[in-house]
Amino acid sequence: MTEFKLEKGADGVALITWDLPGKSMNVLTLEGAQQLDAAIDDALADDAVKGIVITSGKDTFAAGMDLNVLAGMKDDGAQGVFDGVMSLHHMLRKIERAGMEPKTNKGGKPIAAALPGTAMGIGLELPLACHRIFVADNPKAKIGLPEIMVGIFPGSGGTTRLVRKLGVMGASQYLLQGKSVDPKKAKGAGIIDEVVADPVAAAREWVLSEPKIVKPWDEKGFKLPGGAPYHPAGFQTFVGANAMVNGQTWGAFPAPKALLSAVYEGAMVPFDTALKIEARWFTSVIMNPSSGAMIRSLFLNKEALEKGANRPEAPDQTVKKVGVMGAGMMGAGIALVSAQAGIEVVLIDQKQEAADKGKAYTEAFLDKGMKRGKVTQEKKDKVLSLITATTDYSALSDADLIIEAVFEDVGVKAEVTKAVEAVIPEDCIFATNTSTLPISDLAKASSRPDQFIGIHFFSPVEKMLLVEIIKGAETGDRAVAKALDYVRQIRKTPIVVNDARFFYANRCIIPYLNEGARMVAEGVEPALVDNAARLLGMPVGPLQLIDETSIDLGVKIAKATKAALGDKYPADNKPVDDLMFALYDQGRLGRKSKAGFFDYDEAGKRQGYWDGLDALTPTLDEQPDLTEVQHRLMFAQVLEAVRALEEDVLEDIREGDVGAILGWGFAPWSGGPFSWLDILGAPYAAERCDQLAQKFGPRFNCPDLLRDMASKGQTFYGRFGKDAKAA
Ligand code: NAD
């Protein structure tokens with residue numbers, strides 16, 4: 001099969017068209033790379049060819065590298081990765097040098113890239129090696145190098161070339177944050193050269209115009225824009241960049257560190273040596289288990305879940321009209337994301353003012369977008385016109401999905417369920433956004449429990465990427481399909497779990513918060529607790545997170561759990577409860593009361609840990625080892641994830657990993673709780689559980705599943721397979 005087609009025109013232009021058969025977007029395969037290499041050789045060697053244009057047969061250019069290529073290189077170890085990357089470098093360098101005399105830079109054939117649309121990853125690294133980049137005037141096209149977001153960095157020359165084009169500062173947001181931009185912005189930034197109506201025609205004309213093709217970095221006296229490391233300005237930039245990256249990542253992510261090293265070391269040597277350095281650092285990142293785990297969770301598995309990997313067989317359940325019950329914090333956000341997806345929304349509250357206030361949230365959000373130039377008046381009018389704020393239940397008579405987000409109270413929810421079911425169509429699905437109440441209990445108020453389901457959003461709805469779908473004991477397949485189709489419409493990532501206390505995400509995060517508070521109760525320095533978490537790559541330390549989510553919520557959950565579990569309530573929660581209740585009694589409710597584990601200024605900015613904590617819980621003279629604190633925080637979460645799998649709350653480890661990263665920011669570098677345990681290895685993890693359980697209590701007891709896996713030398717992804725369900 002031909003992935004790259006070479007056509008030589010009578011005008012002397014060789015057109016190389018990338019068109020991967022059977023795929024909607026091009027990705028670079030091993031075969032494709034060989035075909036491109038051969039096409040370039042052919043065109044460069046042919047005297048009749050004056051210039052070369054590389055384009056795509058699709059409406060986009062390319063989405064990136066075929067991940068199987070990376071996996072294949074990895075099979076041959078570090079040397080295999082390095083050799084594979086160097087062969088890509090050689091090909092791209094051949095394009096860049098285009099047959100020029102090495103010493104004089106004379107001769108050579110112009111090679112232009114003509115991009116009809118989106119160009120990401122290697123899809124941009126290839127154009128960057130060309131002499132000029134023409135892009136179609138398509139505001140929907142995305143131009144960028146997103147590799148860092150899945151734990152790697154641009155390793156086919158993109159790092160070395162972009163830094164030499166834009167300077168370290170200019171390139172940093174694209175390399176370090178993986179930012180992608182539309183063609184006009186890409187031109188403004190200097191990443192591409194021209195935005196035109198017909199890129200192939202413009203590129204053809206350009207290659208025939210005898211343009212200058214030597215790259216600045218191949219000319220004598222080239223200076224890195226903004227300065228190389230030993231230049232005074234460059235020195236400042238590198239010191240600043242290093243501090244910025246470490247400030248953001250706390251050193252927990254291998255890829256940004258390796259990227260910075262490649263940039264720093266590469267900036268001090270000639271171009272070809274810099275490529276070799278880039279390849280070495282890229283190899284080190286690829287060989288680090290973090291990159292494989294991140295690619296698996298944040299790219300492959302996330303995409304599989306979004307495409308409905310766990311959707312039951314059922315006809316299309318696309319939502320046309322959703323009724324949102326309760327226009328409070330969650331209801332207002334749910335209305336916003338639904339209307340943004342083009343879904344008609346009926347937003348109901350007890351009083352018209354409350355319903356209007358909920359709708360005003362969308363208006364304020366859109367106004368903010370308009371100020372930033374991201375939303376047009378037309379878009380704002382359209383989204384707002386989709387939301388009807390009312391108290392009138394009859395507006396729900398043609399809804400096909402209800403999402404209930406009223407007070408967290410069984411009685412109130414039951415009343416609303418009954419009242420709504422009296423007016424909605426027979427086949428309408430009813431979802432509750434409860435965060436703590438069992439779905440099967442709430443379904444008792446429904447006359448159609450097979451159509452009753454949990455759709456659990458996280459706050460703030462418009463920002464959080466995960467939605468947890470919860471099946472009650474009687475929930476039917478069509479309800480699950482409806483929830484999944486809805487989540488796809490609003491462009492979030494779903495996980496589907498079975499009903500159990502706190503479902504999945506909250507079940508894991510509560511022990512993390514509790515373990516943090518428990519350590520403070522034991523006399524561990526609060527800064528050690530929060531910093532240990534940040535050094536693990538958690539976005540927020542447990543104490544800070546308790547303050548953000550509020551101490552009264554923690555107290556409320558503890559009380560409700562105690563009431564529900566009675567004698568079974570874990571005795572070792574007492575020190576946590578004592579501390580939380582003491583803070584609560586003093587009116588220290590967290591950020592919202594400008595007092596919690598932290599002190600806050602009038603504007604709500606954190607000022608440091610409250611010095612009264614010491615009086616509540618005297619600080620230990622001898623503080624624990626950092627790793628011990630980190631293991632307590634990590635195992636508190638991951639053991640709960642394993643138990644959720646054992647108890648069949650989770651049916652698929654992919655959901656456990658993706659849900660953890662997107663739901664509560666679980667150390668993304670690890671790929672999620674199951675990936676982290678796989679990196680650790682079950683035997684070591686089981687041994688560590690035994691040590692922690694002996695020292696700190698039964699909450700660290702090794703789950704039977706993990707013990708079994710340890711004895712058999714298994715991994716989670718090995719045992720439960722790519723698509724396998726945890727039976
Ligand atoms: P909220 O108090 O901000 O809003 C609840 C709204 O429901 C209020 O506007 C109230 O007037 C309205 N309401 C109450 N009874 C009603 C009735 N009979 N008919 C119509 N409207 C009624 O609460 P919230 O934070 O938006 O939470 C709503 C639900 O979402 C709760 O079940 C909560 O557990 C869940 N949830 C909350 C969060 C969170 O972070 N706040 C996250 C996930 C889920």
Side-chain angles (χ1 to χ4, degrees), residues 322-338 345-362 388-396 399 402-424 430-439 441-443 445 452-470 483 487 492 495 497 501-507 509-510 513 540 545-554 556-557 559-561 589-592 659 662-664:
V322 61
V324 180
M325 306 305 300
M329 189 167 98
M330 298 304 287
I334 296 166
L336 163 63
V337 298
S338 303
V345 181
V346 176
L347 181 58
I348 293 193
D349 209 299
Q350 290 163 303
K351 297 232 167 74
Q352 186 62 41
E353 299 89 274
D356 289 341
K357 192 173 162 218
K359 180 171 174 177
Y361 185 77
T362 293
T388 307
T390 180
T391 57
D392 179 8
Y393 277 41
S394 70
L396 301 172
I402 301 294
I403 302 176
E404 168 277 298
V406 299
F407 297 139
E408 189 75 337
D409 179 288
V410 183
V412 176
K413 286 191 189 292
E415 226 171 80
V416 169
T417 306
K418 288 200 174 92
V420 168
E421 284 190 356
V423 293
I424 54 177
F430 190 105
T432 171
N433 180 46
T434 179
S435 33
T436 55
L437 303 168
I439 303 303
D441 286 356
L442 294 178
F452 194 97
I453 194 163
I455 299 186
H456 181 213
F457 284 88
F458 296 83
S459 174
V461 177
E462 62 278 14
K463 279 213 186 115
M464 298 298 286
L465 303 170
L466 186 76
V467 177
E468 199 172 16
I469 294 169
I470 305 114
V487 172
K492 296 201 184 280
I495 61 170
V497 302
R501 178 162 297 280
F502 301 132
F503 318 132
Y504 174 61
N506 285 343
R507 173 187 183 140
I509 192 124
I510 291 170
L513 303 179
V540 187
L545 193 51
I546 292 175
D547 267 13
E548 298 293 338
T549 52
S550 89
I551 284 169
D552 48 326
L553 180 67
K556 197 173 145 201
I557 290 176
K559 280 185 181 161
T561 312
L589 306 183
R591 184 204 280 281
K592 68 179 181 187
L662 301 187
W664 74 93

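Counting starts at 1 for both ligands and their atoms, following the listed order. Just so you know, these numbers come straight off a predicted model, no measurement behind them.
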Closer than 4.0 Å: a protein non-hydrogen atom to atom 11 (O) of ligand 1: yes
Top protein contact for atom 43 (C) of ligand 1, by heavy-atom distance: Phe457 O, 3.1 Å
Atom 2 (O) of ligand 1: nearest protein contact (heavy atom, Å): Phe407 CE2, 3.5 Å
From CG (Leu553) to OG1 (Thr436), nearest 0.5 Å: 8.5 Å
Atom pair CG/CZ of Leu662 and Phe458 - distance to nearest 0.5 Å: 9.5 Å
Protein contact of atom 5 (C) of ligand 1 - nearest heavy atom, named by residue and atom, plus distance: Ala405 O, 3.6 Å
Between Thr434 and Glu408, a side-chain donor and acceptor under 3.5 Å: yes
Criterion salt bridge (charged side-chain N to carboxylate O under 4.0 Å, His left out) against Asp552, the qualifying member of Arg591, Lys592, Lys559: Lys592
Heteroatom proximity flag, Glu408 to ligand 1, N/O under 3.5 Å: yes
Closest approach of any protein heavy atom to atom 4 (O) of ligand 1, naming residue and atom: Gly328 CA, 3.2 Å
Heavy-atom gap Gln350 to ligand 1 smaller than 4.0 Å: yes
Protein contact of atom 40 (O) of ligand 1 - nearest heavy atom, named by residue and atom, plus distance: Ser459 CB, 3.3 Å
Side-chain touch Met325/Leu396, heavy atoms, less than 4.5 angstrom: yes
Closest protein heavy atom to atom 29 (C) of ligand 1, given as residue, atom name and distance to 0.1 Å: Val406 O, 3.3 Å
Heavy atoms from other residues, nucleotides or ligands near NZ of Lys357 exceed 12 (cutoff 6.0 Å): no
Residue portion contacting ligand 1 (non-hydrogen atoms closer than 4.0 Å) for Val412: side chain
His456 near ligand 1 by a heavy-atom separation under 4.0 Å: yes
Selection from Met330, Lys351, Glu353, Met329 by shortest heavy-atom distance to atom 27 (O) of ligand 1: Met330
For atom 8 (C) of ligand 1, the protein heavy atom that lies nearest, with its residue and separation: Asp349 OD2, 3.5 Å
Non-hydrogen atom of Lys413 closer than 4.0 Å to ligand 1: yes
Ala354 near ligand 1 by a heavy-atom separation under 4.0 Å: no
Non-hydrogen side-chain atoms of Glu468 and Asn506 separated by less than 4.5 Å: no
Least distance between heavy atoms, Thr362 atom then Ala335 atom: OG1-C, 4.4 Å
Minimum heavy-atom distance Gly659-Leu466, with the two atoms named: O-CD2, 3.5 Å
